[in-house]
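A short worksheet on the structure shown next.
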Amino acid sequence: MGSGLLKRDFFDRPSHEVAPDLLGRILVHGPVAVRLTEVEAYGLPGEDPASHTFRGPTPRNAVMFGPPGHLYVYFTYGMHFCANLSCLPEGMGCGVLLRAGEIVSGLSQARARRGVAVSDRDLARGPARLAVAMGFDRAHNGLDACSGDGELVLLEGESPSAIRSGPRTGVSTGADTPWRFWIDGDPTVSPYRRHVARRR
DNA sequence: GTGCAGATACACT
DNA sequence: GTGTATCTGCACG
């Protein structure tokens, strides 16, 4: 049925191989569990201009340069957190952004965290919303999803019926790389938006 | 459903 | 100082 835990070597691959494999998996944090329906892969230093690791290690992206299977939480736009899972062995900085999912457990908790009145399908529809629904913030940066006894658990889940891929969302460079993956037809997948430069 | 505007603080140049 | 892997609310259809 797919209730087994994902092992660390699952993440010991390039992020664009891990990303589609992550779809349909269940990420559990405390009382809340989410079935991943949309993810984006981010590549290695010097190879992917859209990746936070493009210019090498910094204090912020250190987790992605650490061992695989750890949670990288970063703060952006002055008010949002987003969550990634690190890939490849220590020293190789890349990861997979968790873009959207379906809350399958802890619905009331997730709803309480979100605050705003939204439908179930919007609870974790978008990376910042997912982070809020799961309760991720700075304090969860570096959490291990593969330790087996940690507060973060990743289950096998069920294989999705159909996977699609396309350009990444919201990035100003490297948007042409088709490293966004989602479950075809799933209502919780966020609508595609291209990056728009902010006016002043 | 679409399309804006504005909010906000941090990391990095 | 500059740009951001975004969301919400409002307008409109």
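Computed from heavy atoms alone, side chains included, the values below leave out hydrogens, waters and symmetry copies. These numbers were taken from a predicted model, which means no experiment stands behind them.
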Nucleotide of [options] approaching [X] most closely (side-chain heavy atoms):
X: A:Tyr72; options: B:dA7, C:dT8, C:dA5; answer: C:dA5
X: A:Arg121; options: C:dT4, C:dT8, B:dG1; answer: B:dG1
X: A:Ala128; options: C:dT8, C:dT6, C:dA5; answer: C:dT6

Problem set entry | Under 3.5 Å: donor-acceptor pair, side chain of A:Arg114, backbone of A:Ala110 | no

Which heavy atom in [X] sits nearest to a heavy atom in [Y], and how many Å separate them?
X: A:Cys82; Y: A:Leu97; value: CB-CD1, 3.9 Å
X: A:His70; Y: A:Arg8; value: NE2-NH1, 3.6 Å
X: A:Leu71; Y: A:His140; value: CD2-O, 3.7 Å
X: A:Ser86; Y: A:Val63; value: CB-O, 3.9 Å

Problem set entry | Strand contacts (DNA chain B) in residues 17-44 of chain A, 4.0 angstrom heavy-atom criterion | none

Exercise. Tell me, which stems hold DNA chain C, with a stem being 3 or more Watson-Crick or G-U pairs in a row and both distances under 3.5 Å?
Worked result: B:1-7 with C:6-12, B:9-12 with C:1-4

Exercise. Do A:His80 and A:Phe75 make the cut of ring centroids closer than 6.0 angstrom?
Worked result: no

Exercise. How far apart are the C-alpha atoms of A:Glu38 and A:Ser190, what are their side-chain angles, what is the distance that settles it, and do they pass the side-chain hydrogen bond (donor to acceptor under 3.5 Å, both in side chains) test?
Worked result: CA-CA 8 Å; A:Glu38 183 186 357; A:Ser190 56; 2.7 Å; yes

Problem set entry | Pair of N/O donor and acceptor under 3.5 Å linking C:dA5 base with A:Tyr74 side chain | yes

For this session: Could you tell me whether A:Arg13 sits above the aromatic face of A:Phe10, with NZ or CZ closer than 6.0 angstrom to the six-membered ring centre and within 45 degrees of the axis?
Result: yes

Exercise. Does the cation-pi check pass for A:Arg168 over A:Phe181, that is, NZ or CZ under 6.0 Å from the six-membered ring centre and within 45° of its axis?
Worked result: no

All N/O pairs under 3.5 Å across the protein-nucleotides 10-13 of chain B interface:
{"from": "B:dC12", "atom 1": "OP1", "to": "A:Thr58", "atom 2": "OG1", "distance (Å)": "2.0"}

I need the [atom1]-[atom2] distance between [X] and [N], as an integer number of Å.
X: A:Met79; N: B:dG6; atom1: CE; atom2: P; result: 13 Å
X: A:Asp122; N: C:dT6; atom1: CG; atom2: C1'; result: 14 Å
X: A:Leu130; N: C:dC7; atom1: CG; atom2: P; result: 10 Å
X: A:Phe81; N: B:dA9; atom1: CZ; atom2: P; result: 11 Å

For this session: For A:Thr173 and for A:Arg129, locate the closest nucleotide of DNA chain C by heavy-atom distance; then report the residue assigned to the nucleotide nearer the 5' terminus.
Result: A:Thr173

For this session: Using only side-chain N and O atoms of A:Arg114, determine if any of them is under 4.0 Å from OP1 or OP2 of C:dC7.
Result: no

For this session: Compare side-chain N and O positions of A:Arg125 against OP1 and OP2 of C:dC7 and report whether any pair is under 4.0 Å apart.
Result: no

Exercise. So do A:Arg35 and A:Ile183 actually touch side chain to side chain, heavy atoms under 4.5 Å?
Worked result: yes

For this session: May I ask you to say what A:Ala50 touches in the nucleic acid, namely base, sugar-phosphate or nothing, with a heavy-atom cut-off under 4.0 Å?
Result: base

For this session: Could you walk me through whether A:Tyr42 and A:His16 pass side-chain hydrogen bond (donor to acceptor under 3.5 Å, both in side chains), step by step?
Result: CA-CA 7 Å; A:Tyr42 286 88; A:His16 64 275; over 6 Å; no

Exercise. Any chance CG of A:Asp176 has more than 12 other-residue heavy atoms, nucleotides or ligands included, within less than 6.0 Å?
Worked result: no

